Amino acid sequence: MAPAQKTVMIIEDEPDAAEMFAEMMRVNGFRVLKMFASAPAIPMISQEKPDVIILDIMMPDISGLEVLRYMRREPELASIPVIVVSAKSMPGDIKNGIEAGASMYLTKPVGFIELKEAVQKVLLP
C-alpha cells in the first residue's frame, strides 16, 4: 500500500515564488496548498493540519513570524514543522525566525535541492 500523501502548505505573498515552491513540492509527490496572505492561512492551518509549512516572513497582512508564534502557542499546531523562506537574511532576522519557532530558516533565493532537503529533514521522525 502506498504511503499517504503528505501535505505541504506554502504561505507566500509573491505568486511566482509560491508557484515555484509548489512545483518543487509537487514533483516530490506532495499535495500542495497555497496561501497568499497570513490571515486566511491561520484558520486553514487549523483545518488542514499540513505535514509541513513553507512560510515567508514578509507578508502584506500579518508577519510570518506572528503566524509562527501563533502556531507554537496552539497545542494541535505546535508540532507542525515550519520552514521559513525569506529574503531577510541578516543574522538577527534568522535568530528571530528560529526563536519564533522555525524548524529551519532558508534565505531566498532557494534552490530546488535545498528546499527538498529541508523538507525531508524536518519530516524525518
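These numbers were taken from a predicted model, which means no experiment stands behind them.
Residues satisfying the side-chain contact (heavy atoms from CB on, under 4.5 Å) criterion with D13, sequence neighbours excluded, are D56, M59, P60. With sequence neighbours left out, E114 forms a side-chain hydrogen bond (donor to acceptor under 3.5 Å, both in side chains) with no residue at all. Taking M35 as the reference, M9, I11, P40, A41, M44 meet the side-chain contact (heavy atoms from CB on, under 4.5 Å) condition, with sequence neighbours excluded. For K95, the side-chain contact (heavy atoms from CB on, under 4.5 Å) partners two or more places apart in sequence, or in a different chain, are E99. Under the rule for a side-chain contact (heavy atoms from CB on, under 4.5 Å), the partners of K6 that lie at least two apart in sequence or sit in another chain are F30, D51, L123. With sequence neighbours left out, E117 forms a salt bridge (charged side-chain N to carboxylate O under 4.0 Å, His left out) with no residue at all.
I57 and L106 are members of different hydrophobic clusters when ILVMFWY side chains are connected at heavy-atom separations under 4.5 Å. At a threshold of 4.5 Å between side-chain heavy atoms, the hydrophobic network of Ile, Leu, Val, Met, Phe, Trp and Tyr places L55 and M90 in two separate groups. At a threshold of 4.5 Å between side-chain heavy atoms, the hydrophobic network of Ile, Leu, Val, Met, Phe, Trp and Tyr places I42 and L65 in one connected group. A continuous path of hydrophobic side-chain contacts links I98 to V67 [ILVMFWY only; heavy atoms under 4.5 Å]. In this structure, F36 is not a member of the same hydrophobic cluster as I45, with clusters built from ILVMFWY side-chain heavy atoms closer than 4.5 Å.
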> So V27 and F112, side chain to side chain contact (heavy atoms under 4.5 Å, CB included) or not? Walk me through it.
Replying inline: CA-CA 10 Å; V27 165; F112 181 83; 4.0 Å; yes
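Once rounded to the nearest 0.5 Å, the distance linking CE of M58 with OG of S38 reads 12.0 Å. Here OG1 of T107 is found 6.0 Å from CD1 of I94. Values are rounded to the nearest 0.5 Å. For the atom pair M25 CE and T7 OG1, the distance stands at 12.5 Å (nearest 0.5 Å).
Formation of a donor-acceptor pair under 3.5 Å by the R72 side chain with backbone atoms of G101 is found in this model.
Note on E14 versus K108: no salt bridge recorded, every NZ/NE/NH1/NH2 to OD/OE distance being 4.0 Å or above.
Counting all heavy atoms, side chain and backbone alike, D61 lies closest to A37 at OD2-CB, 3.4 Å.
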Using distance only, find each side-chain donor-acceptor pair of residues 73-89 under 3.5 Å and give its atom names and separation, not counting sequence neighbours.
| from | atom 1 | to | atom 2 | distance (Å) |
| --- | --- | --- | --- | --- |
| S86 | OG | K88 | N | 2.9 |

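Applying the salt bridge (Lys or Arg N to Asp or Glu O under 4.0 Å) test to every pair with at least one member in residues 22-37, sequence neighbours left out, gives these pairs: E19-R26, E19-K34, E23-R26, R31-E48.
Residues D93 and Y105 are in side-chain contact: their nearest non-hydrogen atoms beyond the backbone lie under 4.5 Å apart.
Counting non-hydrogen atoms of other residues, nucleotides and ligands closer than 6.0 Å to NZ of K121 gives a total of 12 or fewer.
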